[in-house]
Engineer: 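Below is the structure I would like to discuss, written out as structure tokens.
As a basis for the values below, the full set of heavy atoms in this structure was taken, side chains included, without hydrogen atoms, waters or symmetry mates. Lettering of chains follows the sequences in order, A, B, ..., and the numbering in each one begins at 1.
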Number of protein chains: 2
Amino acid sequence: MHATLRPGDPPLSRSVEDYLKAIYHLSSQGGFASTSDIAAMLEVAPPSVSGMVKRLSETGLIEHVPYRGVQLSPQGRRAALRMIRRHRILELYLTQQLDYDWDGVHAEAERLEHAVSDELIERMAGSLGQPRYDPHGDPIPTAAGEIEEADLVTIADAAVGAKLELRQVGTQDSARLRYFATQGLTPGVLLTVADRQPFNGPTTIALVPSGDRRVLGRELARLLLCSEVPVQEHGHADR
Amino acid sequence: MHATLRPGDPPLSRSVEDYLKAIYHLSSQGGFASTSDIAAMLEVAPPSVSGMVKRLSETGLIEHVPYRGVQLSPQGRRAALRMIRRHRILELYLTQQLDYDWDGVHAEAERLEHAVSDELIERMAGSLGQPRYDPHGDPIPTAAGEIEEADLVTIADAAVGAKLELRQVGTQDSARLRYFATQGLTPGVLLTVADRQPFNGPTTIALVPSGDRRVLGRELARLLLCSEVPVQEHGHADR
DNA sequence: TCTGCAGATTAGGCTAATCTAATCTGGACG
DNA sequence: CGTCCAGATTAGATTAGCCTAATCTGCAGA
């Protein structure tokens, strides 16, 4: 009965795409996404999820362990990553080309991601220079369906002397986002942990090209998520 | 029972938007759009149209005269023009900013027009300089829901000496479209009818800024739809 | 005037997705 | 080892759209 999805089958419905995305996000950390978590994320009733889960596992997009939860199959994962690519490229395009701000952009992308063609997404990606991160610093999956593994450290946890690239600001609070922005702390910035006081004291960081220093309380330092920068970057020549 | 639509009601569904657009196009010439014409345009079976017509007239978006056809109510007309504005701005944006060609653009706009927000459309319109015509030369309704009345003449019918602005090329044939493009005959060009041979002979036109002349057989002349240009343009200061 | 037929409508079903209410179950805890 | 309950599932109804098959109606032509 596993009606494995074949190329040329009818496209997934908007609903199905939303379920797959939700399952991707919920199961990215632990192994299984639970019915009630999916229901909460999509704002539907739990029985609606049970029904959809049945259909999705019949088409082979997910694996369902009754009373435990679901996981994406390789097919489902591919479909979810395609949606995430669309979403993130749309967010980036709207902010960069049409002057949207970070706040307004999510809802718009949420609707458009179901309507755009692959061609349009690739044209947008092209006009943005094949970007690798969205405006929130999240990695954009490739058209082939690969996504960079996060492996992020907060500045509060990074070793003194570590060379880091700021990748995400872990808050939605717009006052804080603005504050970080005034300090030049936006995704993409390169920095080094210059010093850290023990016992929850502040962390001092240096911005790498300029050498400017910033002092951050432990609470703020915990919000800045970074990737370690290899000593010698081996040439990615994009933007 | 006429549950007249109020602001703040749920948005129209994709289907409803498509029906309204189809009815607008079909009733723009004669008064009524017939069930079977709507069915043909939307590629659905006639009974599906009857069902939708019932729902639409209950919400006051159309007037239905049984066995005769339907017309848009003022509400329905407003909704239809909103969709047409979206469609035409999307087509223009995709061709101008993302390098789509005339052919590829229609299907993309057809899907996106249901998903974009009013805000996005106005941002696109802004970045295009509040354009008045789409890439096919069709007028773009304003955000307030007004549309310029066509009143177009083919070059074959225009009086000798008439000053015209080329507005549409009345064919989908891409060889012909390319030919006209090589002759500089694309929407927006200003021209004058310089001479016409009687008995289905050719028409000679002069392109107005350059003075270049083109000779067109009657068949081709019939494809070029123009608006008459008033002797003294009274200042519209856009592009 | 009558008749026939093209085109419109009604009748009746199907599917996808949702909901509420009822029922089931796995695992935590006494 | 048994009970209980949070969370999952099943049951059954609803809605929007679509379909085919059957029926109806206005009008064109004899």
Engineer: By the 4.0 Å heavy-atom rule, please label B/S15 as base, sugar-phosphate, or nothing.
Structural biologist: sugar-phosphate

Engineer: Between D/dC19, C/dT20, D/dG17, which one does the side chain of B/V16 approach most closely?
Structural biologist: D/dG17

Engineer: Which of these nucleotides, D/dA8, D/dT10, D/dC19, is closest to any side-chain atom of A/P47?
Structural biologist: D/dT10

Engineer: Can you measure A/M52 atom CE to C/dT15 atom P for me and round it to whole angstrom units?
Structural biologist: 16 Å

Engineer: Under 4.0 Å between a side-chain nitrogen and a carboxylate oxygen: does that hold for A/R68 and A/E63?
Structural biologist: no

Engineer: With nearest nucleotides of DNA chain C determined for B/K54 and A/S48 from heavy-atom distances, which residue corresponds to the more 5′ nucleotide?
Structural biologist: B/K54

Engineer: Salt-bridge test for A/D118 and A/R86: reply yes if a basic N is under 4.0 Å from a carboxylate O, no otherwise.
Structural biologist: yes

Engineer: How close or far is atom C1' of D/dC19 from atom CD of B/E43, stated in whole angstroms?
Structural biologist: 15 Å

Engineer: Does C/dA16 have OP1 or OP2 under 4.0 Å away from a side-chain N or O of A/R55?
Structural biologist: no

Engineer: Phosphate oxygens OP1/OP2 of D/dT9: is one of them under 4.0 Å from a side-chain N or O of A/T35?
Structural biologist: yes

Engineer: Calculate the interatomic distance between A/R68 atom CZ and D/dA6 atom C1'; express it in whole Å.
Structural biologist: 16 Å

Engineer: What integer distance in Å separates A/R14:CZ from C/dT18:P?
Structural biologist: 10 Å

Engineer: Between B/D18 and B/H114, is there a side-chain donor-acceptor contact under 3.5 Å, judged purely by atom types and distance?
Structural biologist: yes

Engineer: How long is the line joining CD of A/E58 and P of C/dA17, in whole Å?
Structural biologist: 12 Å

Engineer: Pairing donors with acceptors under 3.5 angstrom, does anything connect the side chains of B/Q71 and B/S27?
Structural biologist: no

Engineer: With sugar-phosphate meaning primed atoms plus P, OP1 and OP2, does A/S36 contact a base, only sugar-phosphate, or nothing at under 4.0 Å between heavy atoms?
Structural biologist: sugar-phosphate

Engineer: Of the nucleotides D/dC19, C/dT20, D/dG26, which has the atom closest to the B/Y67 side chain?
Structural biologist: D/dG26

Engineer: Quick one: label A/S50 by what it contacts on the DNA or RNA (base, sugar-phosphate, nothing), any heavy atom closer than 4.0 Å.
Structural biologist: base

Engineer: Do A/D138 and A/I84 touch side chain to side chain, with heavy atoms closer than 4.5 Å?
Structural biologist: no

Engineer: Without decimals, in angstroms, what is the distance between B/F32 CZ and C/dA8 C1'?
Structural biologist: 15 Å

Engineer: Which is more 5' along DNA chain C, the nucleotide nearest A/V44 or the one nearest A/P66? Just name the residue.
Structural biologist: A/V44

Engineer: B/L26 has an atom CG; how far is it from atom C1' of C/dG7, in whole Å?
Structural biologist: 15 Å

Engineer: Tell me whether A/E110 is salt-bridged to A/R14, with the criterion being a basic N under 4.0 Å from an acidic carboxylate O.
Structural biologist: no

Engineer: Under 4.0 Å between a side-chain N/O of A/S34 and OP1 or OP2 of D/dG7, yes or no?
Structural biologist: no

Engineer: Please determine whether a side-chain nitrogen or oxygen atom of B/Y19 lies at a distance below 4.0 Å from atom OP1 or OP2 of D/dA16.
Structural biologist: no

Engineer: Starting at CG of A/L12 and ending at C1' of C/dA17, how long is that distance when rounded to a whole Å?
Structural biologist: 15 Å

Engineer: Does B/H64 have a side-chain nitrogen or oxygen under 4.0 Å from the phosphate oxygens OP1 or OP2 of C/dT9?
Structural biologist: yes

